[in-house]
Amino acid sequence: MGCPGAGKGTQSAKLKETLNLKHISTGDVLRAQMAAGTELGKQVAALINQGNLVPDGLMISMLQNIISTTDQGVILDGFPRTVAQAQALDDMMKRLGRQISAVVMIDLPQEEVVKRLSSRRLCKKCGKPAATATQAACECGGELYVRGDDAPQSVKHRLEVYRLQTLPVKEYYQHSGKYVEINGNQTPDQVFEDICNVLKKVK
Ligand code: AP5
Ligand code: MG
């Protein structure tokens, strides 16, 4: 978990290698649908670009489809984002005989979010963020682009949506014994080290 720009994608990419987990970013799945011009992609494009959430019913069935086709452990990046999604995830886990090991919240002050997202450019080919603000192309040779929802107005709205709809999910997990908070305002390697240290302690 974490607000827009907290580093969920960056840390998930590192963790999936170390722990041999499948990384499921619901935002990436939706953006792939948009890029492919599918019916679903067309349906959600305006909501995403404006910084609104996609309806719960759609997201829950999407996640159910992905999760039920893998036995591998997963990192959920960007799900659950509402209390209804958190409740649906609990039901799903029960039905599949699986469990949540940890809920990792990456904390980041709002000023830092705006700074990070206003300069983010992503690779069309490998999906990774560009390492510097000035490079013309990704290290892999792919073309760089700016996400539609990284426009300043959308970022402002995403932060408000996060405060109103996603922060209650923190309360949902806070007393579950699985919830941990990590300081996201450090270098990516320091954040990663902190996450690995807390994950060593969970069963
Ligand atoms: P999603 O794609 O999940 O976007 P988000 O939550 O807004 O988060 P971001 O992907 O922007 O940030 P991040 O935390 O992954 O940070 P990153 O690692 O990239 O969702 C997009 C949209 O899809 C939603 O708004 C909604 O419309 C829809 N959606 C998705 N899931 C949904 C759901 N469950 N229900 C309903 N709707 C849903 O890092 C950001 C930048 O900072 C990068 O440039 C990176 O290089 C840099 N950076 C990372 N870590 C550091 C660090 N430690 N120091 C300095 N820079 C850093
Ligand atoms: Mg992300």
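Every number for a ligand or one of its atoms is a count from 1 in the order of the listing. Computed from a predicted model, the values in this text were never measured in an experiment. Residues take their numbers from the sequence shown, with the count starting at 1.
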> Looking at every non-hydrogen atom in both residues, tell me the closest pair between A84 and D56 and how far apart they are.
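Nearest pair, atom of A84 first, then D56: CB-OD2, 3.4 Å.
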> Considering only heavy atoms of T187, which atoms of ligand 1 have at least one such atom less than 4.0 Å away?
53 (N)
> Measure from atom 12 (O) of ligand 1 to every heavy atom in G5, G51, A45 and give the option owning the shortest one.
G5
> Is there a nitrogen or oxygen of R31 sitting under 3.5 Å from a nitrogen or oxygen of ligand 1?
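Yes, there is a polar N/O contact under 3.5 Å.
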> Is there a donor-acceptor pair closer than 3.5 Å between any side-chain N or O of S12 and the backbone N or O of H23?
no
> Below 3.5 angstrom, do we get any N/O pair linking V54 and ligand 1?
yes
> Who's closest to atom 13 (P) of ligand 1 heavy-atom-wise, of Q165, Q50, K8?
K8
> Taking NZ, NE, NH1 and NH2 as the nitrogens, is one of them in D71 or R98 under 4.0 Å from a carboxylate oxygen of the other?
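So D71 does not pair with R98 through a salt bridge.
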> Checking a contact table here: which protein heavy atom is nearest atom 24 (C) of ligand 1, and how many Å away?
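The answer is R81 NH2, 3.9 Å.
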> When you measure from atom 16 (O) of ligand 1 to each heavy atom in G7, A46, S154, which option holds the nearest one?
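Answer by nearest heavy atom: G7.
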> CG/L47 to CG/D149 distance, rounded to the nearest 0.5 angstrom?
11.5 Å
> Is the side chain of Q135 donor-acceptor paired with the backbone N or O of T132 at a distance under 3.5 Å, no angle test?
yes
> Quick check: A6 and ligand 1, any N/O pair under 3.5 Å apart?
yes
> Of the backbone atoms (N, CA, C, O) and the side-chain heavy atoms from C-beta on, which set of P188 has a member under 4.0 Å from an atom of ligand 1: side chain, backbone, both, or neither?
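Within the 4.0 Å criterion, P188 contacts ligand 1 through backbone and side-chain atoms alike.
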> Heavy-atom count check: over 12 atoms from other residues, nucleotides or ligands less than 6.0 Å from Q72 CD?
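More than 12 heavy atoms, drawn from other residues, nucleotides or ligands, come within 6.0 Å of this atom.
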> Would you check if N49 and S154 make a side-chain contact, meaning some heavy-atom pair closer than 4.5 Å?
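The answer is no; the side chains never approach within 4.5 Å.
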> Kindly indicate whether the side chain of V83, heavy atoms from C-beta on, has any atom under 4.5 Å from the side chain of E171.
no
> Which of the numbered atoms in ligand 1 are under 4.0 angstrom from any heavy atom belonging to Q85?
33 (C), 34 (N), 35 (N), 36 (C)
> If you count the non-hydrogen atoms of other residues, nucleotides and ligands that lie under 6.0 Å from NZ in K128, is the total more than 12?
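No, because the 6.0 Å sphere around NZ of K128 holds 12 heavy atoms or fewer from other groups.
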> Any chance NZ of K170 has more than 12 other-residue heavy atoms, nucleotides or ligands included, within less than 6.0 Å?
yes
> If you take the nearest heavy atom of each of R120, Q186, R121, E112, which one is closest to atom 19 (O) of ligand 1?
R120
> Indicate whether any N or O donor in one side chain lies under 3.5 Å from an N or O acceptor in the other, for T38 and Q33.
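Q33 and T38 do have a side-chain donor-acceptor pair below 3.5 Å.
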> Looking only at the side chains, is there a donor atom on one of Q110 and R163 sitting less than 3.5 Å from an acceptor on the other?
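Distance-only check fails for Q110 and R163.
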> Do V54 and T26 have side chains that approach each other closer than 4.5 Å (heavy atoms only, starting at C-beta)?
no
> Could an N or O of ligand 1 be found under 3.5 Å from any N or O of D149, whether backbone or side chain?
no
> Name the closest protein heavy atom to atom 31 (N) of ligand 1, giving the residue it belongs to and the distance to 0.1 Å.
T26 OG1, 2.7 Å
> Does ligand 1 have any atom sitting under 4.0 Å from a heavy atom of R147?
yes
> With nothing but distance in play, are any N or O atoms of R116 less than 3.5 Å from an N or O of ligand 1?
yes
> Which protein heavy atom lies closest to atom 45 (C) of ligand 1, and at what distance to 0.1 Å?
T10 OG1, 3.8 Å
> Please write down residue, atom name and distance for the protein heavy atom closest to atom 7 (O) of ligand 1.
R158 NH2, 2.7 Å
> Looking only at protein heavy atoms, which one is nearest to atom 28 (C) of ligand 1, and what is the separation?
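Sorting protein heavy atoms by distance from atom 28 (C) of ligand 1 puts L30 CD1, 3.6 Å first.
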> For ligand 1, indicate whether the residue N52 contacts it via side chain, backbone, both or neither (heavy-atom separation under 4.0 Å).
backbone
> Between ligand 1 and G2, is the shortest N or O to N or O distance under 3.5 Å?
no
> Please report which non-hydrogen protein atom sits nearest to atom 15 (O) of ligand 1, along with the residue it belongs to and the distance in Å to one decimal place.
G9 N, 2.9 Å
